[in-house]
Q: 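Have a look at this one before I ask anything.
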There are 2 protein chains.
Amino acid sequence: MFEPVSPVRAYERVVEQIEEAVFTGRLRPGSRLPSERDLMTQFGVSRSTVREALRVLQSNGMIQSRAGDPRGPEVLPASPKNLRKSMSRLVRAESMSLAELLQFRMVLEGSAYLLAARLRTDAQLAEMEAAVRSMSDATGHAEFSDADVAFHDAVARATQNTLIVVCSNVVRGVVLDLIADRLAAAPDRQALMSAYLRHHSEVLQAIRDRDGELAARLARQALYDYYADWVPEPERDLLAALVTS
Amino acid sequence: MFEPVSPVRAYERVVEQIEEAVFTGRLRPGSRLPSERDLMTQFGVSRSTVREALRVLQSNGMIQSRAGDPRGPEVLPASPKNLRKSMSRLVRAESMSLAELLQFRMVLEGSAYLLAARLRTDAQLAEMEAAVRSMSDATGHAEFSDADVAFHDAVARATQNTLIVVCSNVVRGVVLDLIADRLAAAPDRQALMSAYLRHHSEVLQAIRDRDGELAARLARQALYDYYADWVPEPERDLLAALVTS
DNA sequence: GCGAGTCTACTGGTCAGACCAGCGTACTAG
DNA sequence: CTAGTACGCTGGTCTGACCAGTAGACTCGC
């Protein structure tokens with residue numbers, strides 16, 4: 001029941017103090033940490049200890065080091081990159097069923113499109129329209145998926161909710177991994193792509209009309225239409241129930 | 001546009017290979033890594049490099065080392081702890097607002113209660129009823145919150161969707177941290193507790209009746225009623241819009 | 001035969017000192 | 001004023017050393 005006042009490990013103390021400096025704003029993003037050799041004298045520890053502390057901070061996305069840069073390690077602005085990493089780790093580690101993942105996506109992506117439809121600016125709408133146009137003009141898979149990413153990105157910014165976007169994106173990635181082989185073997189990939197495009201156009205129209213409810217329903221419907229075939233029968237009903245709700 | 005086949009930094013290669021072994025299941029939770037001295041010969045790098053790699057893995061919550069343990073570093077099971085850490089970090093850096101977190105909770109918890117209402121077994125319903133009874137009988141804060149945990153746990157099991165439950169739990173924890181100090185200063189804590197209990201009873205009734213839609217709406221409404229006061233005016237409307245949808 | 005204590009061979013944590021390639025800056029040559 | 005270069009520092013890696021701590025074997029008294 002005793003919580004040690006200061007961490008036992010030397011490197012943990014270093015991590016903690018630097019973290020504190022960042023959180024309290026004493027170290028702002030873009031500013032530089034002292035060099036490793038300076039830090040070791042400041043904290044009274046060896047360079048290996050300093051380095052281990054810096055590695056931890058780096059793996060947490062708080063700093064970035066470049067070999068040879070005399071200005072020292074850079075303090076990075078907070079970014080959802082790490083959230084994405086730990087989320088992805090968690091999703092990958094728990095062996096979850098496809099149905100579970102799709103349920104999650106239907107719930108979150110529905111809300112994402114709802115928010116995007118209500119909050120989007122005209123500029124963001126224009127970005128989405130351009131992305132969908134690129135998709136329909138695309139000649140190869142690479143172009144198509146690049147445009148797809150651009151579309152999702154524009155939607156993400158419009159929602160103004162990082163958390164919803166990051167979580168659904170991560171799960172989207174895992175789902176794609178999960179069915180990648182089955183998708184590659186699909187005989188009618190061209191048909192899938194054009195169906196995909198059609199769904200996007202419909203959703204885009206709903207976003208244009210600022211009809212959040214419709215956009216949400218379309219997004220859930222699209223997910224169901226795509227993936228239901230890959231979900232075993234008994235679980236499929238669970239997804240169907242979420243389409244309309 | 002060139003993606004290096006193998007990371008430039010030596011320690012990154014080590015991290016990647018061990019991560020890979022964990023993800024593919026070659027290294028299961030509970031099993032042990034070779035000692036640092038063994039790893040350095042296996043990977044052909046120095047001990048400092050091995051240690052930096054292990055520090056990264058440790059900070060990602062994948063392994064745990066104890067000084068002196070001859071069995072070597074232990075591979076840990078996946079846990080949402082890290083997810084929560086990176087989320088808290090974003091909140092502290094003010095790149096994520098309370099409104100965002102609550103939006104997320106309204107979306108996910110709504111679905112959680114919807115699923116629980118539809119899928120719950122009679123035994124699970126009994127557990128929930130017992131928990132709510134414990135809450136109303138509770139004399140102290142500790143008892144009350146223990147019973148609350150039990151209730152949420154029963155609901156979580158009923159949903160059959162780990163991901164939804166884990167994510168909303170993590171965010172719930174972050175939100176509680178965020179308003180902990182403000183809550184402690186609240187003059188009418190007793191009133192808050194009884195309002196909390198009332199909401200739970202209502203949701204329980206909906207779950208008993210297997211009315212998923214109602215349970216979801218009540219859950220969202222409860223979140224709004226509780227937290228809206230703490231959300232700055234301009235963002236509050238976003239939450240209100242999600243109550244009924 | 002069996003538990004209590006001890007011993008030991010390892011572990012991870014930390015330190016010191018060294019070398020290298022890489023980078024920014026200030027100085028230099030044109 | 002610009003192009004080029006040399007310098008002094010940086011981070012990345014390595015070697016080798018010492019210490020405190022631990023698990024498991026080993027011993028001893030019963």
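Naming: A, B, ... by sequence-line order, numbering from 1 per chain.
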Q: Any side-chain N or O of Thr49(B) under 4.0 Å from OP1/OP2 of dC14(D)?
A: yes
Q: Would you say Leu238(A) and Val231(A) make side-chain contact, with heavy atoms under 4.5 Å?
A: no
Q: Go through residues 50-60 of chain B and report each residue with a non-hydrogen atom lying under 4.0 Å from DNA chain D, sorted by number.
A: none
Q: Could you tell me if the side chain of Val171(B) sits less than 4.5 Å from the side chain of Leu108(B), heavy atoms only?
A: no
Q: dC19(D) C1' sits how many Å from Arg9(A) CZ, rounded?
A: 14 Å
Q: For Ser48(B) and Arg37(B), take the nucleotide of DNA chain C holding the closest heavy atom to each; which residue's nucleotide lies nearer the 5' end?
A: Arg37(B)
Q: Mind telling me whether His152(B) and Tyr113(B) have parallel, tilted or perpendicular rings, with 30° and 60° as the class edges?
A: perpendicular
Q: Can you check the Met40(A) CE to dA18(C) C1' distance for me, whole Å?
A: 12 Å
Q: Taking CG from Leu39(A) and C1' from dG11(D), how many angstroms apart are they, rounded to a whole number?
A: 12 Å
Q: For the side chain of Asn60(A) and the backbone of Met62(A), is there at least one donor-acceptor N/O pair under 3.5 Å apart?
A: no
Q: When you match Gly44(B) and Pro73(A) each to their closest nucleotide on DNA chain D, which lands nearer the 5' end?
A: Pro73(A)
Q: Can you figure out which of dT14(C), dG12(D), dT11(C) approaches the side chain of Ser35(B) most closely?
A: dT11(C)
Q: Glu36(B) CD to dC15(C) P: how many Å, rounded?
A: 15 Å
Q: State whether a side-chain donor-acceptor pair under 3.5 Å links Thr162(B) with Glu94(A).
A: no
Q: Among residues at least two apart in sequence or on other chains, which ones pass side chain to side chain contact (heavy atoms under 4.5 Å, CB included) with Thr49(B)?
A: Ala10(B), Tyr11(B), Val45(B), Ser46(B)
Q: Can you check the Leu33(A) CG to dT10(D) C1' distance for me, whole Å?
A: 13 Å
Q: Take the protein atom CZ of Arg13(B) and the nucleotide atom C1' of dT13(D), then report the distance between them rounded to whole Å.
A: 11 Å
Q: So for Arg47(B) and dG13(C), does any side-chain atom that can act as donor or acceptor lie under 3.5 Å from a complementary atom in the base?
A: yes
Q: Across the strands shown, which category fits Arg66(A) at heavy-atom distances under 4.0 angstrom: base, sugar-phosphate, nothing?
A: sugar-phosphate
Q: Side chains of Ser48(A) and Arg51(B), heavy atoms from C-beta outward: is any pair under 4.5 Å?
A: no
Q: In this structure, how many angstroms lie between the C1' atom of dT10(D) and the CG atom of Asp69(A), rounded?
A: 7 Å
Q: Under a plain distance cut-off of 3.5 Å, with no hydrogens placed, do Thr24(A) and Glu20(A) share a side-chain donor-acceptor pair?
A: no
Q: Tell me, with the steps shown, if Glu52(B) and Arg9(B) meet salt bridge (Lys or Arg N to Asp or Glu O under 4.0 Å).
A: CA-CA 11 Å; Glu52(B) 290 181 24; Arg9(B) 314 265 190 287; over 6 Å; no
Q: Rounded to whole angstroms, how far apart are CD on Glu74(A) and C1' on dT10(D)?
A: 15 Å
Q: Do Ser86(A) and Lys85(B) make a side-chain contact, defined as non-hydrogen atoms from C-beta onward lying under 4.5 Å apart?
A: no
Q: Between the opening five pairs and the closing five pairs of the helix from dG1(C)-dC30(D) to dG30(C)-dC1(D), how far apart are the helix axes, to 10°?
A: 10°
Q: Less than 4.0 angstrom between a side-chain N/O of Ser46(B) and OP1 or OP2 of dT13(D), yes or no?
A: no
